[in-house]
**Q** 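Shown below is the structure under consideration.
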Amino acid sequence: MVQFQSQDLPQLLIIHPPLSLAIAESQLSQKFHLLKAWESELPLDQFLTTYACSVQAMLCYPFTQVNADLLRLLPALKLVVSPTAGVNNIDLVECRRRGISVTTSGSAFSEDVADTAVGLLIDVRRKISAADRFVKGLWTSKGDYPLGSKLGGKRVGIVGLGSIGSAIGKRLEAFGCIVSYNSRSKNPSLTYPFYSSVHELAANNDALIICCPLTDQTHHMINKEVLSALGRKEVIVNVGRGAIIDEKELVRFLVHGEIGGAGLDVFENEPHVPEELFALDNVVLSPHNAAFTPESVESSSRIVIANLEAFFSNEPLVTPFMDD
Ligand SMILES: O=CC(=O)O
């Protein structure tokens with residue numbers, strides 16, 4: 001059997017070390033010659049200049065900003081592979097202009113994000129995390145804990161009905177919720193009522209679940225007016241990206257009791273989370289890990305590798321970027 005040296009393998013640039021989303025390095029290094037910028041003693045721009053003429057593919061974790069300045073240092077680049085569904089860290093306009101393909105995790109994370117979204121909604125409505133704190137502290141001295149409200153029969157508006165939103169809708173139907181949605185366009189194959197305005201969606205629902213991509217159009221789309229339309233008893237869940245909601249306004253609404261509660265997996269300036277939220281029992285927080293289970297990370301890893309193999313064999317990419 002021919003034994004390949006890593007130098008004989010196609011180069012794959014990775015700029016930052018992976019965190020919880022790590023694709024097993026052993027899997028990658030069997031197939032690609034990994035150029036790990038973070039392990040080099042050279043400053044990043046010098047490291048990139050060394051490989052500028054040869055690097056065609058890059059794997060970018062969500063905290064790597066693939067902006068025009070970075071892309072300028074990589075004139076031979078033809079493919080950016082993202083192991084996540086969201087690609088708001090990638091300058092897609094510049095990639096398109098340069099003819100650089102971008103791939104995502106496809107639907108590898110959809111089921112797990114949907115589970116967490118519904119979990120956060122149930123937790124806020126039924127006060128599960130707050131009741132847990134109560135049981136561990138005050139139950140004996142303070143008696144009953146306030147009742148949470150039923151999920152079944154509630155109207156839930158989903159913002160973004162791609163594969164995550166559809167998986168959320170399926171789960172909510174099983175709970176007996178009445179689902180409607182807002183998306184860039186109406187999907188004729190769906191029977192859920194469609195609202196072209198997110199404001200109208202908020203006004204006609206008991207809860208909103210945000211799971212659309214962050215783009216220039218969706219940045220701060222959930223603003224003061226939308227939060228007011230949602231109202232005092234209603235709940236917002238965000239498993240999309242923090243900046244889709246105007247976070248300062250959300251904090252103000254929550255602190256003043258102007259909306260009923262929030263389940264938040266994502267924040268505007270992660271890992272910074274507004275401290276005002278910590279004391280609120282109607283707010284449940286999670287550290288941007290809605291998507292990640294060992295199973296979903298494994299599935300995303302397979303997709304990353306399949307996309308890279310397809311690229312280096314001149315075959316069609318498995319999950320080329322498409323937004324919903
Ligand atoms: O946040 C997770 C993802 O974009 O897949």
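Counting begins at 1 with the first residue of the sequence.
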**Q** Indicate the atoms forming the closest heavy-atom contact of S296 with A108, along with that distance.
**A** CB-O, 3.7 Å
**Q** Could you give me the CA-CA distance, side-chain angles and deciding distance for E173 and Y192, then say whether side chain to side chain donor-acceptor pair (under 3.5 Å) is met?
**A** CA-CA 10 Å; E173 281 188 81; Y192 303 143; 2.6 Å; yes
**Q** For N223 and V226, indicate whether the former's side chain and the latter's backbone hold a donor-acceptor pair under 3.5 Å.
**A** yes
**Q** For E225 and H199, run side chain to side chain donor-acceptor pair (under 3.5 Å): C-alpha distance rounded to whole Å, both residues' side-chain angles, the deciding distance at 0.1 Å, then the answer.
**A** CA-CA 7 Å; E225 287 71 33; H199 185 274; over 6 Å; no
**Q** Hey, what do you get for CD1 (I14) to NZ (K36), rounding to the nearest 0.5 Å?
**A** 7.5 Å
**Q** For residues Y181 and F194, establish whether the separation of their ring centroids is below 6.0 Å.
**A** yes
**Q** Going through the distances and angles, do E268 and H220 end up as a side chain to side chain donor-acceptor pair (under 3.5 Å)?
**A** CA-CA 10 Å; E268 270 208 74; H220 284 193; 3.1 Å; yes
**Q** Identify the two heavy atoms, one from D265 and one from V239, that lie closest to each other, and give their separation to 0.1 Å.
**A** CB-CG1, 4.2 Å
**Q** If you take all heavy atoms of N182 and S196, which pair is closest and at what distance?
**A** ND2-O, 3.3 Å
**Q** Say you draw a straight line from OG1 of T84 to CG of N88; how long is it, rounded to the nearest 0.5 Å?
**A** 8.0 Å
**Q** Quick one: pull up CG in N238 and CZ in F267 and give me the separation to the nearest 0.5 Å.
**A** 8.5 Å
**Q** Taking all heavy atoms of S149 and all of R126, pick out the closest pair and write down the distance.
**A** O-CD, 3.2 Å
**Q** Under a 4.0 Å threshold between the charged nitrogen and the carboxylate oxygen, would R171 count as salt-bridged to E111?
**A** yes
**Q** Drop me the distance from N307's CG to R302's CZ, to the nearest 0.5 angstrom.
**A** 13.0 Å
**Q** May I ask you to check whether over 12 heavy atoms, not counting those of E39, lie within 6.0 Å of atom CD?
**A** yes
**Q** Quick one: closest heavy-atom pair of W38 and H16, and the distance?
**A** CE3-C, 3.5 Å
**Q** What is the distance from atom CD1 of I244 to atom CG of L250, rounded to the nearest 0.5 Å?
**A** 12.5 Å
**Q** Can a side-chain donor-acceptor contact be found between S166 and S163 if the only test is distance below 3.5 angstrom?
**A** no
**Q** When you check the gap from the basic side-chain N to the acidic O, do R97 and E94 get nearer than 4.0 Å?
**A** yes
**Q** Count the heavy atoms belonging to other residues, nucleotides or ligands that lie under 6.0 Å from CZ of F175, then report whether that count exceeds 12.
**A** no
**Q** For L227 and I222, which heavy atoms make the closest approach, and how far apart are they?
**A** CD2-CG2, 3.9 Å
**Q** Run the numbers on E249 and R252 for salt bridge (Lys or Arg N to Asp or Glu O under 4.0 Å), then give the verdict.
**A** CA-CA 5 Å; E249 284 300 336; R252 206 177 60 72; 3.2 Å; yes
**Q** Can a salt bridge be assigned to the pair K127 and D281 using a cut-off of 4.0 Å between side-chain N and carboxylate O?
**A** no
**Q** Quick one: pull up OG in S300 and CG in D112 and give me the separation to the nearest 0.5 Å.
**A** 11.5 Å
